[in-house]
Amino acid sequence: MTAFRARFAPSPTGALHIGGVRTALYNYLLARQLGGTFILRIEDTDQTRYVPEAEGYIIEALRWCGIEPDEGPGIGGEYGPYRQSERKAMYGRYAEQLVASGNAYYAFDTSEALSAKRAAYETEKKTFRYDSSVRDDLDNSLAMDKAELHARLASGEAYTIRLKVPAHEIVKVQDLVRGEVQFNSDELDDKIMLKADGMPTYHLANVVDDRLMKISHVIRGEEWLPSTAHHVLLYRAFDWEDEMPQFAHLPLILKPNGKGKLSKRDGAKFGFPVFPLAWRGKTPEDAFDGFREFGFLPEAVNNFLAFLGWNPGTEQEIFSLEELISVFDSTKIQKAGARFDIDKAKWFNQQYIMATDNATLAASIRPLIKAKGHFPTDTFLEAFCGLMKERVTLIPDFWEKGYYFFEDIKKYEAKPVRKKWKPEMRPHFDNLVALLASIDTFDAETIETKTKAFIENNELRMGDILQIFRLAVSGTLKGPSIFDMAALLGKDEVLRRFEVAYARFDEMKSA
RNA sequence: GGCCCAUUCGUCUAGUGGUUAGGACGCCAGGUUUUCAUCCUGGAAACAGGGGUUCAAUUCCCCUAUGGGCUACCA
């Protein structure tokens with residue numbers, strides 16, 4: 001059995017889509033589980049769509065998710081270089097080899113000529129395909145003698161090299177998730193292997209590199225299934241078919257409504273991230289926040305992504321990356337596309353936040369708090385996280401829902417104040433404040449005991465006192481235990497907040 | 001249009017030739033809580049349709065429908 005070697009081969013044309021992250025994750029999971037190798041290869045063969053910042057983005061995004069390649073650009077490895085643009089010269093030789101063995105040919109048709117052809121076919125309601133049925137009538141080396149070919153080649157005229165797909169053959173593709181898939185070669189076009197600019201197309205570069213990098217498993221999105229027939233033909237043409245990698249085509253991640261692949265536009269449209277990290281393109285339209293900026297934890301994103309198109313067959317849903325590595329099973333990969341469900345993603349995030357220890361959470365929210373101009377002690381911040389973590393789903397919620405632990409209350413909820421604040425009760429609250437002021441050990445337990453005793457002794461109602469206590473301290477009815485909040489804020493601050501609140505309450509009551 | 005892939009609650013999914021078709025998210029109701037959240041309990045909610053095969057099909061086969069992908073000198 002040959003060593004397991006899988007690769008993730010994105011094209012650096014922009015931000016890495018979340019579906020790409022899932023593909024990388026599945027490759028990574030299997031590589032780790034089987035003691036294999038996970039390779040990152042940059043497929044930058046399209047010079048027109050190349051975006052320089054994309055490669056760095058891809059690497060950073062994978063790193064954020066905890067998916068570290070064993071080989072790749074900037075990492076090294078025995079089979080480099082790992083950028084296809086740096087392997088350019090080699091592909092030409094392989095393409096020529098294909099021509100020499102009779103499996104490919106030179107084609108001089110310009111893209112303009114071909115589009116004209118397509119347009120002409122279109123008017124007759126037919127579809128033009130550069131294939132075995134028409135290639136003899138087109139401008140290629142199959143239709144000319146040696147002398148003309150040499151002359152044209154020597155003249156420096158631009159040409160492409162096309163794969164000569166054999167006619168009337170059934171091409172069988174073995175797929176790990178779908179079983180055997182068959183294609184009639186008469187339906188397959190003579191795909192370009194080498195473009196006029198000397199660069200290979202995806203098909204050639206992919207097959208050659210997978211071979212040279214000793215890739216054992218090609219795990220990629222379902223959009224590649226149709227062209228896999230060409231890839232099989234290519235392996236055959238090179239006489240590599242016996243050692244062809246295993247294919248596994250993953251179901252696509254669909255829009256929430258199921259109508260099409262999830263796209264970057266959906267993020268803007270529905271207000272959720274579709275990229276791991278923020279991306280700032282050249283135009284305002286090409287700028288997006290990622291899962292990280294929305295406040296997702298990478299572990300939660302991995303867990304969510306792993307379950308989009310796969311599940312372990314048990315009822316456990318929360319899995320760390322390590323657990324996923326041990327339990328992942330390619331035979332349980334789903335065949336049908338999976339819709340993106342942001343609610344489920346948020347639920348995973350909440351689960352992870354609740355399970356994270358306070359110190360770790362404190363460290364991760366400190367930058368956020370700092371950005372707001374506050375520099376609490378670790379002890380304070382950790383206690384804060386402990387009080388809030390069951391009440392947040394995304395990291396920024398810590399601030400949104402708990403800002404009042406760090407600064408003055410911005411807004412008192414009007415409705416409950418008007419409903420609960422009775423100015424005639426003021427003497428009772430003055431007594432309560434005096435009582436609080438007298439507490440020496442201002443901890444939650446003591447505050448609770450004393451306050452509850454106070455309520456009982458004065459024959460007051462819990463709701464009447466505690467709700468106002470809460471409103472005075474936090475401005476809202478929602479939040480952690482009032483005793484915990486009071487203890488964390490400290491006696492002086494609590495007393496001060498009561499003073500501030502009285503004035504505001506009276507004001508709101510009369511308004 | 002052609003080719004390919006797919007189809008279990010709204011969503012992610014488990015599952016079997018004979019099951020009360022299971023779980024999770026979301027939703028609803030109740031409980032716990034001073035509140036919110038967490039947590040607990042309960043509820044509504046699915047085998048796309050039609051033919052076969054079979055004693056029996058959600059499960060196997062075919063067709064249809066629907067959805068998706070591909071159909072570039074893009075990946």
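In what follows, chains carry the letters A, B, and so on, assigned in the order in which the sequence lines appear, proteins first and then strands, with residues in each chain numbered from 1. Predicted model, so just to flag it, every value in this text is computed and none were measured. FYI, side chains are in, hydrogens and waters are out, and symmetry mates aren't considered; it's all heavy atoms of this structure.
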Would you say the ring centroid of [X] lies under 6.0 angstrom from that of [Y]?
X	Y	result
A:F275	A:F291	no
A:W310	A:Y26	no
A:F247	A:W224	no
A:W421	A:F429	yes
A:F294	A:F272	no
A:F304	A:F340	yes

Under 4.0 angstrom between A:Q334 side-chain N/O and B:A14 OP1 or OP2: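 It does, given that an N or O in the side chain of A:Q334 lies less than 4.0 Å from OP1 or OP2 of B:A14.
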
Which nucleotides of nucleotides 66-75 of chain B have their base under 4.0 Å from a protein heavy atom (B), which only their sugar-phosphate (S), and which neither (-), written as one string 5' to 3'? -SSBS-SBBB

Listed pairs, N/O of protein and of nucleotides 57-64 of chain B, under 3.5 Å:
none

On a whole-Å scale, what distance lies between the [atom1] atoms belonging to [N] and [M]?
N	M	atom1	answer
B:C36	B:G67	C1'	41 Å
B:A46	B:C39	P	26 Å
B:U13	B:A29	P	29 Å
B:U8	B:U33	C1'	39 Å
B:A44	B:U53	C1'	36 Å
B:C74	B:U11	C1'	32 Å
B:U71	B:C60	C1'	33 Å
B:A48	B:U7	C1'	7 Å

Could I get the full list of side chain to side chain donor-acceptor pair (under 3.5 Å) partners for A:E323, not counting sequence neighbours?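 With sequence neighbours excluded, A:E323 shows a side chain to side chain donor-acceptor pair (under 3.5 Å) to A:S320, given in chain and number order.
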
With no hydrogens and no angle check, just 3.5 Å: does a side-chain donor-acceptor pair link A:T393 and A:D397?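 Result is yes, a qualifying pair exists.
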
Between [X] ([atom1]) and [N] ([atom2]), how many Å, whole number?
X	N	atom1	atom2	answer
A:E180	B:C4	CD	P	13 Å
A:N257	B:C12	CG	P	12 Å
A:K344	B:C9	NZ	C1'	13 Å
A:Q350	B:C36	CD	C1'	12 Å
A:F469	B:U34	CZ	P	14 Å
A:F304	B:U13	CZ	P	10 Å
A:R391	B:U33	CZ	P	15 Å
A:H249	B:C5	NE2	P	12 Å

Under the rule for side chain to side chain contact (heavy atoms under 4.5 Å, CB included), what residues qualify as partners of [X], not counting sequence neighbours?
X	result
A:N257	A:K255, A:K259
A:K346	A:F296, A:I342, A:L394
A:R118	A:L114, A:F128
A:E448	A:K452, A:F483

In residues 443-463 of chain A, what residues come within less than 4.0 Å of RNA chain B, judged by heavy atoms?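 Within residues 443-463 of chain A, the residues near RNA chain B are A:K452.
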
Please list, by residue number, the residues of residues 476-488 of chain A whose heavy atoms come closer than 4.0 Å to an atom of RNA chain B; answer none if no residue qualifies.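 Within this stretch, A:L477, A:K478, A:G479, A:P480, A:S481, A:I482 sit under 4.0 Å of the strand.
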
Checking contacts here: which listed nucleotide (B:U38, B:C12, B:C3) is nearest the side-chain heavy atoms of A:F183?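 Out of B:U38, B:C12, B:C3, the nucleotide with an atom closest to A:F183's side chain is B:C3.
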
Is A:D209 paired with A:R7 through a side-chain N to carboxylate O contact shorter than 4.0 Å?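 Here A:R7 does not pair with A:D209 in a salt bridge, since their nearest N and O are not under 4.0 Å apart.
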
Between A:E222 and A:R178 (salt bridge meaning N to carboxylate O under 4.0 Å), is one present in this structure?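 Salt bridge present between A:E222 and A:R178.
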
With RNA chain B as reference, determine whether A:K332 or A:D341 sits nearer its 5' end, using the nearest nucleotide of each.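 This one resolves to A:D341.
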
Pick the closest RNA chain B nucleotide for A:A336 and for A:L188 by heavy atoms, then say which residue is nearer the 5' end.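 Result of the comparison: A:L188.
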
Tell me, which pairs form a salt bridge (Lys or Arg N to Asp or Glu O under 4.0 Å) where one or both residues lie in residues 164-177 of chain A, sequence neighbours left out?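 Every pair satisfying salt bridge (Lys or Arg N to Asp or Glu O under 4.0 Å) with a residue in residues 164-177 of chain A: A:E169-A:R236.
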
Pairs where residues 181-198 of chain A contributes a residue and the test salt bridge (Lys or Arg N to Asp or Glu O under 4.0 Å) is met, not counting sequence neighbours: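 Sorted pair list: A:R129-A:E187, A:R135-A:D190, A:D189-A:K191.
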
My understanding is that a pair needs two contacts under 3.5 Å, Watson-Crick or G-U wobble. By that rule, which nucleotide pairs with [N]?
N	answer
B:C25	B:G10
B:C3	B:G69
B:U54	none

Should the pair A:Y57 and A:W279 be assigned to parallel (<30°), tilted (30 to 60°) or perpendicular (>60°) ring geometry?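 It falls in the perpendicular class, over 60°.
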
Does the ring of A:Y130 carry A:R162 above it, NZ/CZ under 6.0 angstrom from centre and within 45° of its axis?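 Here A:R162 passes the 6.0 Å and 45° test against A:Y130.
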
Answer with base, sugar-phosphate or nothing: what part of the nucleic acid does A:R339 contact at a heavy-atom distance below 4.0 Å?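 If one applies the 4.0 Å heavy-atom cut-off, A:R339 turns out to touch the sugar-phosphate alone, with no base involved.
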
Which protein N or O atoms sit under 3.5 Å from an N or O of nucleotides 39-45 of chain B?
none

